[in-house]
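Working notes, structure below.
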Amino acid sequence: MRKYPKKIKIIRKALELQKFSKKMLGQGKSIGLVPTMGALHKGHIHLVETSAKNNDVTIVSIFINPTQFGANEDFAKYPRRLQADAKLCAEAGANIVFAPEPKEMYPQPLQTYVRNAELENVYCGKWRPGHFAGVLSVVAKLLNIALPSRAYFGEKDFQQLHVIRKMVFDLNFPVKVIGVKTIREKNGLAMSSRNEYMSLKEREAASSIYAGLMEAKKMYERGIDSVVKLKGIVEKKIKQAGGKIQYVEIANKNDLQPIKTKVSKNAVILLACHFGKTRLIDHLEFF
Ligand code: AMP
């Protein structure tokens, strides 16, 4: 039987959370942090459960970070349901939900950003200018506020996980970054808070993303290592289902440098596409 904490505390203020965390660390307790933007689904919950299993205290942050959204993106319509999310966090074993208002996180406009100068303009970064500077800066703030021993991120946002790991390495943040595997719908579609923007028909069509990735994997296992051919099959499957491709690229999974000709075993396919108005991302590692 899973142990549910009786209630979960919602903290709104950065200083209050920082004080709480200092106290916990002073008592020798380990802290796990799961940063999210809320509208929690089973993918998020898997992160929370993983943290709760491995830390004395688990903090889930729920903050829809305005600085990582572009002007024409979905900041205003992003789903918001704090109370339901807090209940899910409690059931998954979290102790604290940190849900600051934008004004609490940004009492003044930022003048100081964390950027990955090399990777912020490629893959998703090419299509979302400023996105990764927004993500890295808010994650840096959350790490400094929550003071976690371990921080949990989904492999689903593959480029995001990579640039966060690199930030922590480059800037000596005293935290262990843990990547957690992608949780998918029965039809293979990676779970995402944005899936709820789609109609049932679009969701079904979007299962072609995973089908395309699996097809590429099978081809690779049959000995086909041509980047053009492997990208081609993924693009074809998505287009046939009515999706609109932003990019499909193959990169080295350890440094995200592009692979142009032949796929080797450390490769990952990264992609973004639209079904209807909904932007979806996914990836597949070749083992
Ligand atoms: P978000 O709320 O979309 O910013 O996501 C918060 C965290 O949950 C990020 O580290 C995501 O990578 C992770 N995440 C989102 N969807 C999934 C999923 N389907 N499986 C595993 N982790 C996920």
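Sequential numbering from 1 along the given sequence is applied to the chain's residues. Note: hydrogens, waters and symmetry copies are ignored here, and every other heavy atom, side chains too, is used. Just so you know, ligand 1 is whichever comes first in the structure, and atom 1 is the first atom listed for that ligand. Quick caveat, the model's predicted, so the values are computed rather than measured.
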Looking only at protein heavy atoms, identify the closest one to atom 10 (O) of ligand 1 and say how far it is in Å. Gly154 N, 2.8 Å

Ranked by distance from atom 1 (P) of ligand 1, the top protein heavy atom is His44 NE2, 3.6 Å

At a 4.0 Å threshold, what atoms of ligand 1 neighbour a non-hydrogen atom of [X]?
| X | value |
| --- | --- |
| Lys181 | 20 (N), 21 (C) |
| Gly43 | 18 (C), 20 (N), 21 (C), 22 (N) |
| Phe153 | 10 (O) |
| Asp157 | 11 (C), 12 (O) |

Charged N-O contact under 4.0 Å between [X] and [Y]:
| X | Y | result |
| --- | --- | --- |
| Glu91 | Lys87 | yes |
| Glu285 | Lys253 | yes |
| Glu73 | Arg279 | no |
| Glu215 | Lys236 | no |
| Lys231 | Glu249 | yes |
| Asp282 | Arg184 | yes |

Using a 4.0 Å heavy-atom threshold (strictly under), name the region of [X] that reaches ligand 1: side chain, backbone, both or neither.
| X | answer |
| --- | --- |
| Pro35 | backbone |
| Leu47 | side chain |
| Met191 | both |

Checking side-chain polar atoms at under 3.5 Å, does [X] have a donor or acceptor matched by the opposite partner on [Y]?
| X | Y | answer |
| --- | --- | --- |
| Glu118 | Gln257 | yes |
| Thr67 | Asn65 | yes |
| Ser149 | Ser30 | no |

Are any of the N or O atoms of [X] closer than 3.5 Å to those of ligand 1?
| X | value |
| --- | --- |
| Thr36 | no |
| Ala190 | no |
| Met37 | yes |
| Ile183 | yes |

Heavy atom of His41 under 4.0 Å from ligand 1? yes

